[in-house]
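Encoded as structure tokens, the structure appears first; notes follow it.
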Amino acid sequence: MSDISKVLIVGGGIGGLCAAIALCRQGVSVDLVEIKSEWTVYGVGIIQQSNVVREMARLGVLDRYLDAAYAFEDVGIYDLQGNALARIPGQRLAGPEYPANVGISRLALHQVLSGTAIDLGAQVRLGLSVERLEQDADGVDVTFTDGSAGRYDLVVGADGVYSKIRGMLFGDTYTPRFTGQAVWRYNFPRHPSIDHLASYVGSEGNAGLVPLADDLMYMFSTSHEPGNPWHEPKDFAELMRDRIQHIGGLVGELREQITDSSQVVYKPMEVVFVDEPWFKGRVLLIGDAAHATTPHLGQGAGMAIEDALVLSLELAGEGSLQERLNRFMARRFERCKYISENSILAGDREMAQDRSFDRVGLTKAMLARTAEPI
Ligand SMILES: Cc1cc2nc3c(=O)[nH]c(=O)nc-3n(C[C@H](O)[C@H](O)[C@H](O)COP(=O)(O)OP(=O)(O)OC[C@H]3O[C@@H](n4cnc5c(N)ncnc54)[C@H](O)[C@@H]3O)c2cc1C
């Protein structure tokens, strides 16, 4: 890796921070620029499954991460009245002493990852992006939006679904597409029965309850939103209640507690997949910049984290940079494509109200696939 001694990471989200951690651990000098001047993340949570727990161990952050998370084992599938349909046991991929899955608040995850990256020496600059990239055979000259400049051995675009770096590499060949659905999320005090991920499915709607901490959980629901309508933020609570009106059980009991529109996180689903190598020369995309998908399989951040780890492993290997990046692609492309396509498929089947769609079978197949080593 001695030929890759200085790396610029563009984007301080989950993928960029994990790349910073993995590269700093290998002695690479890492600069990271994040466009937000206040490095905030929104306050709901995220599901992280067994493959992510395994990679958090390999990134060397597992204990800190688990301290900030709610560990759980199984995924429960329920019908819309709350009757149990299936229980999918977790797989302890990080080792028998570690949990299978976790729920973690996005803020807590950000604090663990940003704190670790900075402790390891990553130089983080906020409120900054890349204005121009010019590469030659030996490096990349970068001009930043504040007029400053730097030269790097590699630039990693981890700047999310609307990636500016993707545009610099591929023009407008790949632009995000609205899938027809949106996600509604809301935090609650954790209910004692939510000690696992509970997913409520049916043709009249769907929702999930995810534990985040002893005293915190969140609800999510996906809805069909034809035409991607603009909703007034002041109406979010009423709209979320409307979207889950056919769901009973615990979700139905919690429904009337969704009253504060400012605490509802609404997000239309947008996807993009770069269907060719995610690099040109010394500039590479990872995470949502290359393969943003829908949250139906709960693996988007998982794929970004795996990208970061595999990148660091391959950069440390033999051969020219192009050979190493080709090996990175060989390990990442089909796996991310599988997650991307099947997440979108699950959403399409939801919108079609397809009762024959085997969601449980897909979830089991995905867990088997992601349990395979990367
Ligand atoms: C509703 C919803 C629920 C989800 N739930 C889950 C889940 O439960 N489990 C899971 O694994 N995944 C989930 N995901 C997916 C997950 O959030 C993403 O896959 C993950 O955040 C991707 O990480 P990233 O670092 O690639 O991109 P991001 O997290 O989007 O980070 C990109 C960063 O780059 C910054 N940036 C953007 N442009 C620039 C620029 N020009 N210059 C510098 N910085 C820039 C941004 O500010 C941001 O900080 C969900 C997604 C959605 C939409």
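Only heavy atoms go into these numbers, but all of them, side chains included; no hydrogens, no water, no symmetry mates. From a predicted model like this one, the values you see are computed outputs, not experimental measurements.
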For residues 112-141, the ring pair (Phe, Tyr, Trp, His ring centres under 6.0 Å) pairs (sequence neighbours left out) are none
Are the side chains of Gln49 and Val102 in contact, using a 4.5 Å heavy-atom criterion? no
Verify salt bridge (charged side-chain N to carboxylate O under 4.0 Å, His left out) between Arg359 and Asp354, making sure each step is shown before the conclusion.
CA-CA 10 Å; Arg359 178 76 182 257; Asp354 180 356; over 6 Å; no
Requested in this report: Decide if atom CD of Glu270 counts as having more than 12 heavy atoms of other residues, nucleotides or ligands within a radius under 6.0 Å.
Outcome: yes
Q) So, do Val53 and Asn101 sit near enough that their side-chain heavy atoms are less than 4.5 Å apart? A) no
What one should report as the nearest heavy-atom pair of Ala308 and Gly15 is CB-O, 3.8 Å
Interatomic distance, CG@Asn206 vs CG@Leu80, rounded to 0.5 Å, equals 8.0 Å
When rounded to the nearest 0.5 Å, the distance separating CZ of Arg54 from CD1 of Ile374 is 6.0 Å
inquiry  = Quick check: do Leu254 and Met219 have side-chain heavy atoms less than 4.5 Å from each other?
reply    = yes
- Between Asp215 and Arg190, is there a salt bridge with N-O shorter than 4.0 Å? no
Rounding to 0.5 Å, atoms CZ (Arg185) and NZ (Lys267) come to a distance of 8.0 Å
Quick note, ring pair (Phe, Tyr, Trp, His ring centres under 6.0 Å) partners involving residues 93-129, not counting sequence neighbours, are Trp39-His110
- Message: Any heavy-atom pair between the side chains of Tyr152 and Val7 that's under 4.5 Å?
- Response: no
Check: Aromatic rings Tyr218 and Phe220: how do their planes relate, parallel, tilted or perpendicular, breaks at 30° and 60°?
Finding: tilted
Problem set entry | Between Phe333 and Phe328, ring centroids under 6.0 Å | no
Above 12 or not: heavy atoms from other molecules or residues under 6.0 Å from CZ of Arg132? no
Report task. Tell me yes or no: between the side chains of Thr222 and Glu350, is some donor less than 3.5 Å from an acceptor? Result -> yes
Contacts satisfying side-chain hydrogen bond (donor to acceptor under 3.5 Å, both in side chains) that involve residues 239-250 (not counting sequence neighbours) are Glu225-Arg243, Asp242-Gln245
Residue pairs meeting ring pair (Phe, Tyr, Trp, His ring centres under 6.0 Å), one or both in residues 286-324, sequence neighbours left out, come to Trp278-His291
Separation between NZ (Lys280) and CG (Leu169), nearest 0.5 Å, reads 6.5 Å
Next item on the list: Would you indicate whether the side-chain heavy atoms of Ile88 and Asp74 approach each other to under 4.5 Å?
Entry: no
- Task: Starting from the C-alpha separation in whole Å, work towards a yes-or-no answer on salt bridge (charged side-chain N to carboxylate O under 4.0 Å, His left out) for Glu314 and Arg324.
- Result: CA-CA 6 Å; Glu314 286 302 340; Arg324 283 174 276 168; over 6 Å; no
Glu306 and Asn51 side chains, donor-acceptor separation under 3.5 Å: yes
Closest heavy-atom pair, Leu62 versus Ala94, reported as atoms and distance to 0.1 Å, is CD2-CB, 4.1 Å
Output for pair (Leu17 CG, Leu32 CG), nearest 0.5 Å, gives 6.0 Å
Practice prompt. List the steps and the verdict of side-chain contact (heavy atoms from CB on, under 4.5 Å) for Tyr70 and Asp195.
Written response: CA-CA 9 Å; Tyr70 187 98; Asp195 55 3; 3.6 Å; yes
dist Leu8:CG -> Asp31:CG (nearest 0.5 Å) comes out at 6.5 Å
Only residue of Tyr186, Tyr42, Trp184 satisfying ring pair (Phe, Tyr, Trp, His ring centres under 6.0 Å) with Tyr266 is Trp184
Tightest non-hydrogen contact, residues Ile247 and Ala207, listed as CD1-CB, 3.8 Å
Is Ile339 linked to Ile286 within one hydrophobic cluster, defined over Ile, Leu, Val, Met, Phe, Trp and Tyr using a side-chain heavy-atom separation of less than 4.5 Å?
no
Is a donor from one side chain sitting under 3.5 angstrom from an acceptor on the other, for Ser50 and Arg92? no
Would you list the atom pairs, donor with acceptor, under 3.5 Å between side chains in residues 196-203 and any protein atom, with sequence neighbours excluded?
unit_1: His196; atom_1: NE2; unit_2: Tyr78; atom_2: OH; d: 2.8
unit_1: His196; atom_1: NE2; unit_2: Arg87; atom_2: NH1; d: 3.3
unit_1: Ser203; atom_1: OG; unit_2: Arg355; atom_2: NH2; d: 3.1

Can the positive tip of Arg125 be found less than 6.0 Å from the middle of the six-membered ring of Phe144, inside 45° of the ring normal? yes
### Message
Does Lys337, at its NZ atom, have more than 12 non-hydrogen atoms belonging to other residues, nucleotides or ligands within less than 6.0 Å?
### Response
yes
Is a side-chain donor or acceptor of Thr173 paired with a backbone partner of Phe170 at a separation under 3.5 angstrom? yes
request  = Classify the side-chain pair Tyr338/Gln299 by whether it contains a donor and acceptor separated by less than 3.5 Å.
outcome  = no
TODO: Answer yes or no: is there an ion pair linking Arg64 with Asp119, defined by an N-O contact shorter than 4.0 Å?
DONE: yes
Does the side chain of Ile46 come within less than 4.5 Å of Ile14's, by heavy atoms? yes
Heavy-atom closest pair (Leu133 atom, Val130 atom, distance to 0.1 Å) is CD2-CG1, 3.7 Å
Salt bridge Asp141-Arg151, side-chain N to carboxylate O under 4.0 Å:
yes
Q. So, Arg166 and Asp159, do they make that salt bridge, N to O below 4.0 Å?
A. no
Here the pair of heavy atoms bringing Ala108 nearest to Ile104 is CB-CG1, 4.0 Å
*List the steps, then state whether side-chain contact (heavy atoms from CB on, under 4.5 Å) holds for Leu285 with Val274.*
CA-CA 9 Å; Leu285 304 175; Val274 176; 4.2 Å; yes
Under a side-chain separation threshold of 4.5 Å, the hydrophobic residues clustered together with Val271 are Ile344
_Side chain proximity check, Ser193 to Leu250, heavy atoms < 4.5 angstrom_ = yes
Of all heavy-atom pairs linking Asp307 and Gly287, the shortest is OD2-N, 2.9 Å
* When you look at CG of Asp136, are more than 12 heavy atoms from neighbouring residues, nucleotides or ligands closer to it than 6.0 Å? -> yes
### Message
The test is side-chain hydrogen bond (donor to acceptor under 3.5 Å, both in side chains); show your working for Ser5 and Asp153 and say whether it passes.
### Response
CA-CA 7 Å; Ser5 59; Asp153 301 315; 3.2 Å; yes
| task | Could you go through the side-chain contact (heavy atoms from CB on, under 4.5 Å) check for Tyr65 and Val52 one step at a time? | result | CA-CA 11 Å; Tyr65 166 76; Val52 177; 3.9 Å; yes
Could you tell me if the side chain of Val272 sits less than 4.5 Å from the side chain of Thr293, heavy atoms only? no
Q.
Quick check on Gln322: does its CD atom have over 12 non-hydrogen neighbours (other residues, nucleotides or ligands) under 6.0 Å away?
A. no
- Task: Start with the C-alpha gap between Leu128 and Ile35, add the side-chain angles, then the distance that decides, and say whether side-chain contact (heavy atoms from CB on, under 4.5 Å) holds.
- Result: CA-CA 5 Å; Leu128 199 64; Ile35 200 163; over 6 Å; no
